[in-house]
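Worksheet: the structure to be examined is printed underneath.
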Amino acid sequence: DDEEAVAGVDGLPPPEGGGNGAAAPLVTDRLYGGGVETRIRQEILLGIGGVRALSELGVTPDVFHINEGHAGFLALERIRRAIVDDGLTFDEAREAIRPAGLFTTHTPVPAGIDRFPRDLIERYFSTWCRECGLSLDELMQLGHEPGTPDGEVFNLAVMSLNLAGASNGVSLLHGGVGRRLFGGLWPSLPTDDVPIGAVTNGVHARTWTSRAMADLLDREIGSDWPEADPDRWRVFEDVPDRDVWAVRTANREHLVGFVRRRLRASLLTRGHTASEVSWCDSVLDPTVLTIGFARRFASYKR
């Protein structure tokens with residue numbers, strides 16, 4: 001109820017005496033599952049809780065990156081603080097927080113985007129509405145998806161786009177998909193002019209390349225191989241297959257050894273004896289092709 005609401009977030013009353021109640025760990029005990037209410041609680045914790053955690057640490061970010069919609073509620077927390085702490089109106093607060101907000105969309109189909117029914121938004125954000133001087137209908141409008149009935153469903157990606165200063169997809173191709181997917185938010189603009197750009201995903205080469213492979217690339221291409229142009233990389237075509245295969249073999253053996261050590265340590269900490277876990281030394285085979293996965297196969301990612 002209102003007396004137990006926590007600084008703009010309803011539905012998550014604190015336990016008596018402070019700290020976490022028995023239900024709190026259930027919000028984050030697993031990544032997927034639990035239904036739509038667990039999902040909104042997770043995203044409140046990530047977005048609103050994330051802003052508050054940074055504040056407690058004395059960290060003032062220059063940019064808040066909303067990766068997909070999952071941390072999108074951070075924009076609402078930033079707006080609330082601008083209104084409550086700085087005395088801005090809602091319109092002023094929205095414009096004040098927008099430049100430091102960056103939204104990245106990853107999901108190329110509507111099925112992968114978080115949507116919440118009105119009753120959940122009312123349950124968890126009624127206090128937010130009162131503190132910010134907005135009606136529930138006005139809040140719902142921030143997440144209104146064009147072509148759907150007003151005030152019924154809150155689209156977290158749409159809200160993030162509405163409150164971000166810049167938005168992008170994760171490749172040139174995906175930027176185009178995003179412009180088509182969300183173009184209804186800018187009905188007066190041609191699809192190509194929808195303000196969703198693209199930044200191609202990448203990795204830090206030396207972090208994600210094994211030491212053995214990096215040594216081979218250093219020797220054959222040069223120590224600046226992460227920045228080398230395609231012409232420089234062509235020399236690698238002349239590297240003997242046995243040299244590349246030797247690196248691959250060493251990496252497989254290293255990975256299997258790592259898995260065996262971790263498995264053994266895990267079983268020992270659970271009370272098994274050394275003799276009982278000796279079989280760990282034969283788990284997996286570095287000479288056998290092994291395919292594994294650690295996440296669910298969502299239909300839209302297949």
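Just so you know, these numbers come straight off a predicted model, no measurement behind them.
H204 contributes a side-chain N or O that, together with a main-chain N or O of T207, makes up a donor-acceptor pair within less than 3.5 Å.
Two residues are said to be in side-chain contact when any heavy atoms from C-beta on lie closer than 4.5 Å; I221 and V235 meet this criterion. For the pair V170 and T200, the minimum side-chain heavy-atom distance is 4.5 Å or more. Counting heavy atoms from C-beta on, the side chains of T191 and W186 never come closer than 4.5 Å. Contact annotation: the side chain of L102 never approaches that of I66 to less than 4.5 Å [non-hydrogen atoms, C-beta and beyond]. Proximity of L76 to L142: side-chain heavy atoms (C-beta onward) are separated by under 4.5 Å at one or more points. By the 4.5 Å heavy-atom criterion applied to side chains, L136 and S126 are not counted as neighbours.
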Query raised in the report: Given the rule in the salt bridge (Lys or Arg N to Asp or Glu O under 4.0 Å) test, do D281 and R261 qualify, once you have shown the distances and angles that lead to the verdict?
Result: CA-CA 8 Å; D281 293 333; R261 291 192 300 274; over 6 Å; no

Query raised in the report: Checking salt bridge (Lys or Arg N to Asp or Glu O under 4.0 Å) for the pair E152/R118: CA distance, chi angles, key distance, verdict?
Result: CA-CA 5 Å; E152 292 187 8; R118 181 187 180 94; over 6 Å; no

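Comment: E43 engages R39 in a salt bridge, judged by a side-chain N to carboxylate O separation of less than 4.0 angstrom. Between E237 and R234, none of the side-chain N atoms (NZ, or NE/NH1/NH2) sits under 4.0 Å from a carboxylate O, so this pair counts as no salt bridge. A salt bridge does not link D229 with R232: every distance from a Lys NZ or Arg NE/NH1/NH2 to an Asp or Glu carboxylate oxygen is 4.0 Å or more. Classification of R206 and D218 as a salt-bridged pair holds, one side-chain N sitting under 4.0 Å from a carboxylate O. A salt bridge links R81 to E77: one of the charged nitrogens lies within less than 4.0 Å of a carboxylate oxygen.
Between F73 and F125, the two ring planes are tilted [angle within 30° to 60°].
A continuous path of ILVMFWY side-chain contacts below 4.5 Å connects I121 to L163, so both sit in one hydrophobic cluster.
Remark: R123 fails to qualify as a cation-pi partner of W128 under the 6.0 Å distance and 45° angle criteria applied to the six-membered ring.
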